[in-house]
Colleague: 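Sharing a structure here in structure tokens format.
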Amino acid sequence: MKYSKKPKIAILIPVGYRGGSLRGAKMFAEALAAGSAAAGEAAEIVLGHLDEPGIYSPEDFADLATTVSRRPFRWKVLEEDEVRRALIYAGREEHFAGGACMVPDDGINCFYDCDLWLIVSDRLQMPLLPIKPYALMVFDYLQRYVPEIMNEESHLAVIGAARRAERIFVTTEFSRNDALVYTGVPNDRITKLPMLTPRFKKTQKNQGEGSGDDYFVWTTNLTQHKNHERALKALSDYYLKHDGKLHCMVTGVETDNLFSSGRDYMHASEKIFASTPVLAERIHLLGNLPEENYQNTLESSAFLWHPGKIDNGTFSVIEAAHLGVPSLSSDYPAMREIDKNFRLSLSWMDSSNPLDMAEKLKYMECEAGRLREKLPDPVFLDAQSFDNHIQTYWREIRGCL
Amino acid sequence: MPVKKYGIYVVYPPTVNLRGQGLGRHLAAFLKASVHSERYRFVIACPSWTREGLVELCRDEGVELDSFDLICPQKAPFLLRLYNFIVKLRPSKKARRLSSRPIKSWLVASEKRLSDGHWFLVRRLADIRNPLLWLLFLSVYLIFSVPMGAIFLFFKFVELPVDGFHAFYGQLARAIAFAKRHKRKRFLSTLHAIVTAPKNSRFIVTLYRHMVEREAAVLNRLINNSDDVAAWYAPTAFCEHFSGVQGPRLTCVPDVVLGDFPVGFAVVGDDRMVDNFREVERTIRASDHFVTYSEHLKQNTLVHRYEIDPRQIHVIPHGHNSLDDLLPDAGKGSVESRFNEAYLAHFRAALEKAVNYPAPGPTGEHFPYLFYASQFRPNKNVMTLLRAYTHLLRERFVGHRLVLTGNPKYYDEIAEFVSENQLSRDVLFLSGLSAKELAVCYSLAELAVNPSLFEGGCPFTLTEAVSVGTPVVMGKIPVTEEVVTDSELREMMLFDPYDYRNMAMKIHWALDNREVLYEKQRRFYSEVLINRAWRNVVDDYVEILNNISH
């Protein structure tokens with residue numbers, strides 16, 4: 001490290017992530033700021049995000065800790081000659097591999113003032129200019145399981161980015177295995193970090209106390225892997241065959257036009273919705289609620305429903321447990337890890353089988369009260385929180401400096 | 001006590017004019033300091049093509065030519081002399097404009113008068129109805145048309161030499177265009193580049209490098225044959241040939257700024273910049289002892305990046321760079337002392353140098369403004385300053401203008417930002433200011449701002465502004481913190497240069513607390529900064545040269 005200089009780390013969000021991914025990036029930054037301070041090595045943490053109109057507003061970062069500074073950037077493409085010159089000046093000529101590269105241009109010095117770049121996700125469409133070492137924080141490798149979300153060129157770009165990184169950080173064993181198999185990166189360059197969860201609001205209810213409302217919450221968004229078509233088929237069966245009593249409150253980014261987005265992969269879902277009148281009566285699209293409104297809505301619900309096909313796991317089930325609400329989840333490895341780590345006693349369904357999904361919805365309607373008693377103790381949940389993992393985060397990231 | 005001799009190695013390209021550069025002032029400071037010394041005397045070693053510039057520098061700075069010794073090859077290479085001769089034949093744009101303008105104007109006016117007269121006669125012939133009168137006019141027309149035509153042709157002939165140089169280069173350009181169309185471009189393109197823009201010709205650059213190499217070899221032979229110089233000093237790191245000098249050597253490394261801003265310089269420069277960069281690296285690797293202007297540069301660049309033993313590196317901070325000798329009254333602090341008519345006249349002259357300003361131009365009336373004096377380079381952080389200024393103007397409604405001294409035509413990003421944000425009337429670019437105009441711009445500003453991310457030593461903005469009555473706010477960078485050590489003053493005047501909002505907040509505070517800030521800075525300037533005179537700087541250099549010569 002340079003003389004008497006605080007370590008400076010850039011955490012870069014390479015695409016316009018919102019919702020859970022944005023929250024994850026902010027938590028990552030805060031964990032490093034807090035962890036380095038706790039270790040007596042207070043690092044400067046800079047959160048970089050895209051600076052394009054319509055993606056972010058200042059409100060998106062209003063909850064960012066004051067120990068993290070924020071810097072917008074745009075991707076700048078350098079031609080081969082410029083890449084070569086930049087690497088010569090940076091004293092990294094040996095890293096020149098030919099071809100164009102991209103660099104995060106903050107309008108100041110392209111984050112060259114930082115000692116390490118941590119990229120949140122691996123969505124780099126071109127090689128990154130190797131003037132600084134970088135590591136990737138990859139939450140999932142969805143493209144292995146939902147390959148249509150990426151074309152061949154993008155697959156190669158993602159794999160290339162992983163192989164050039166100093167380290168890949170993941171938060172589940174499932175993703176670690178994906179990193180090993182899909183990217184071909186050696187095991188000693190892959191590190192699993194504990195999953196960071198937000199400091200959720202605690203319920204005001206006593207444990208086991210029921211809810212007076214007649215709905216459950218479905219937290220989703222418009223991405224392809226959220227399994228909308230099967231979810232709607234399941235809901236249709238639930239209401240029509242199982243005489244389902246509960247309404248369905250849909251929340252999340254862009255869900256206010258969930259069935260009118262016009263996206264190609266949503267056509268089948270939109271058709272089901274349009275042709276099944278009971279769905280229009282019982283499904284309520286709340287859109288992306290402010291934090292407090294969402295929590296109040298969730299706390300008063302019968303249960304949380306997570307029918308997504310696959311991802312890195314969702315914090316929404318943990319948040320539900322904090323609020324005394326049980327959850328019904330698709331059965332896939334990342335959710336099994338969350339269930340095990342947080343002792344959530346999740347109920348499971350087969351996300352590829354709408355019939356099973358519908359039966360389980362009816363089950364939850366009847367058993368939600370009993371399932372509340374199996375939720376973990378709040379003291380135990382607190383012990384798994386953010387503050388207990390910050391030093392681990394700092395120790396591992398510091399190893400990259 | 002015998003006088004000890006120390007050498008100064010000044011090997012710069014033929015294109016470098018010592019008088020226009022900081023290194024010229026640096027050299028002059030050394031020479032002035034030695035004039036009154038009984039302990040040491042300087043020997044300057046320079047190439048043949050630098051002799052004339054050195055003489056001019058000494059004349060401008062009031063240095064006697066017999067106050068130092070000179071080692072210099074007698075004659076410049078013939079090819080260089082021939083080239084200089086050819087280049088002198090081509091008048092500068094300004095010279096062409098000035099020399100041709102009055103003559104050309106008179107010729108054009110005279111041609112117009114002749115033409116008007118001719119057409120008067122022709123129109124009369126067209127509208128006369130009386131045949132006898134018509135015949136009379138025809139006779140007059142025929143009698144006068146011959147001499148008028150001759151005079152007209154004479155004017156045209158006289159214009160040719162005036163336009164001659166234009167025509168020659170115009171013809172050359174047309175010949176090149178023709179050759180390009182007929183695929184005979186390379187030779188003529190090379191010829192064109194040699195004459196009009198030699199540094200863009202790879203052929204010329206290669207030739208020139210060889211010339212410098214040979215000249216340095218001759219110079220080094222002369223140096224090594226004289227054994228009365230105790231130690232040698234090179235004021236810049238652009239001289240790899242310095243390693244050919246035998247004996248103790250001290251190399252100054254002001255900065256290696258390309259290494260700290262690789263992307264910015266990779267984009268604005270081409271491979272010539274890479275060649276220069278590599279030369280600096282070779283110089284560093286071949287040198288024994290070093291001087292830097294700051295501890296930060298010593299550690300960050302020489303020790304950390306180039307792995308130089310810190311015991312071989314000496315830190316000599318700059319002397320103060322004040323402007324009050326140009327504006328004796330300005331530093332008194334009162335509004336009246338700054339806003340006197342003489343200074344305002346220089347300010348108006350400076351405004352006339354505004355570039356890229358939409359018509360009508362800025363008026364000569366004084367207006368409140370923020371001032372940053374710097375060329376536009378990647379490390380100068382002008383974009384962040386522009387963002388801060390836009391925030392102040394549009395979100396905080398601070399109505400000051402922003403005055404800069406760079407030229408945006410050489411920096412697209414800046415020009416685009418100003419255009420996209422419709423700041424053309426709020427941001428002024430005053431390019432090519434004289435020393436006095438610069439001093440006045442500092443003095444009449446409400447606040448000087450320096451957002452630079454990197455310098456070799458503490459930026460001169462601090463002493464330049466405060467010496468003529470203007471407070472300053474600056475980026476919090478290590479080289480500044482090495483000089484501004486008072487914590488209260490740091491808090492008042494330093495901002496995070498990476499955060500435009502923080503910069504804006506500091507500027508806003510400084511404008512609201514101008515007197516308080518200036519008083520604090522003036523005291524610091526008077527008690528601390530002014531004590532670091534250039535003669536103290538030279539003494540430090542001499543001490544090091546003395547130490548390494550043992």
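Protein chains get the first letters and strands the later ones, always in sequence-line order, with residue 1 at the start of each. Keep in mind the model is a prediction, meaning the values are calculated, not measured.
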Colleague: Assess whether a salt bridge exists between A/R85 and B/D270, defined as any Lys/Arg side-chain N lying under 4.0 Å from an Asp/Glu carboxylate O.
Modeller: no

Colleague: For chain A, which residues from residues 378-386 of chain B have at least one heavy atom closer than 4.5 Å to it?
Modeller: B/P378, B/N381, B/M383, B/T384

Colleague: Are there over 12 heavy-atom neighbours, none belonging to B/Q375, within less than 6.0 Å of that residue's CD?
Modeller: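 Open: at most 12 neighbouring heavy atoms sit under 6.0 Å from CD of B/Q375.
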
Colleague: Side chain, backbone, both or neither: which part of A/E44 has an atom under 4.5 Å from a heavy atom of chain B?
Modeller: neither

Colleague: Rounded to the nearest 0.5 Å, what separation is found between the CD1 atom of A/I88 and the CG atom of B/D271?
Modeller: 7.0 Å

Colleague: Please rank B/R278, B/R387, B/E281 by heavy-atom pairs under 4.5 Å with chain A and give me the top one.
Modeller: B/R278

Colleague: Can you say whether A/R70 sits under 4.5 Å from chain B via the side chain, the backbone, both, or neither, judging by heavy atoms?
Modeller: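 Only the side chain of A/R70 comes within 4.5 Å of chain B.
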
Colleague: Can you establish whether the number of heavy atoms outside B/Q422 located under 6.0 Å from its atom CD is more than 12?
Modeller: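 Atom CD in B/Q422 is not crowded, with 12 or fewer foreign heavy atoms closer than 6.0 Å.
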
Colleague: Which bit of A/L87 comes within less than 4.5 Å of chain B, counting heavy atoms only: side chain, backbone, both or neither?
Modeller: neither

Colleague: Out of B/D496, B/V274, B/V256, B/V303, which one racks up the most heavy-atom pairs below 4.5 Å with chain A?
Modeller: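 Going by pairs under 4.5 Å, I would pick B/V274.
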
Colleague: Select, from A/I131, A/L129, A/D113, the one with the greatest count of heavy-atom pairs under 4.5 Å involving chain B.
Modeller: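 The candidate making the most pairs under 4.5 Å is A/D113.
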
Colleague: Give me the one residue out of B/D260, B/V263, B/L258 that meets side chain to side chain contact (heavy atoms under 4.5 Å, CB included) with A/Y89.
Modeller: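 It is B/L258, the one option of B/D260, B/V263, B/L258 that forms the side chain to side chain contact (heavy atoms under 4.5 Å, CB included) with A/Y89.
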
Colleague: Is B/K476 atom NZ crowded by more than 12 heavy atoms from other residues, nucleotides or ligands, each under 6.0 Å away?
Modeller: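 It does not: B/K476 NZ has 12 such atoms or fewer within range.
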
Colleague: To the nearest 0.5 Å, how far apart are CZ in B/F261 and CD1 in A/I108?
Modeller: 10.0 Å

Colleague: Checking A/D81 against chain B: side chain, backbone, both or neither under 4.5 Å from a heavy atom?
Modeller: neither

Colleague: Is B/Y498 close to A/V46 at the side-chain level, that is, under 4.5 Å between some pair of heavy atoms?
Modeller: no

Colleague: Taking 4.0 angstrom as the limit, do A/K76 and B/E413 come out as a salt bridge?
Modeller: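 No, no charged N to carboxylate O under 4.0 Å.
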
Colleague: To check you understand the geometry: which heavy-atom pair defines the closest contact between A/E82 and B/A266, and what is its length?
Modeller: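 Looking at all heavy atoms of both residues, the closest pair is O-CB, 3.4 Å.
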
Colleague: Answer yes or no: does atom CZ of B/R396 have more than 12 heavy-atom neighbours from other residues, nucleotides or ligands under 6.0 Å?
Modeller: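 Counting neighbours around CZ of B/R396, 12 or fewer heavy atoms of other residues, nucleotides or ligands fall under 6.0 Å, so no.
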
Colleague: Please say whether more than 12 non-hydrogen atoms of neighbouring residues, nucleotides or ligands are located less than 6.0 Å from CZ in A/F61.
Modeller: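 Enclosed: over 12 neighbouring heavy atoms sit under 6.0 Å from CZ of A/F61.
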
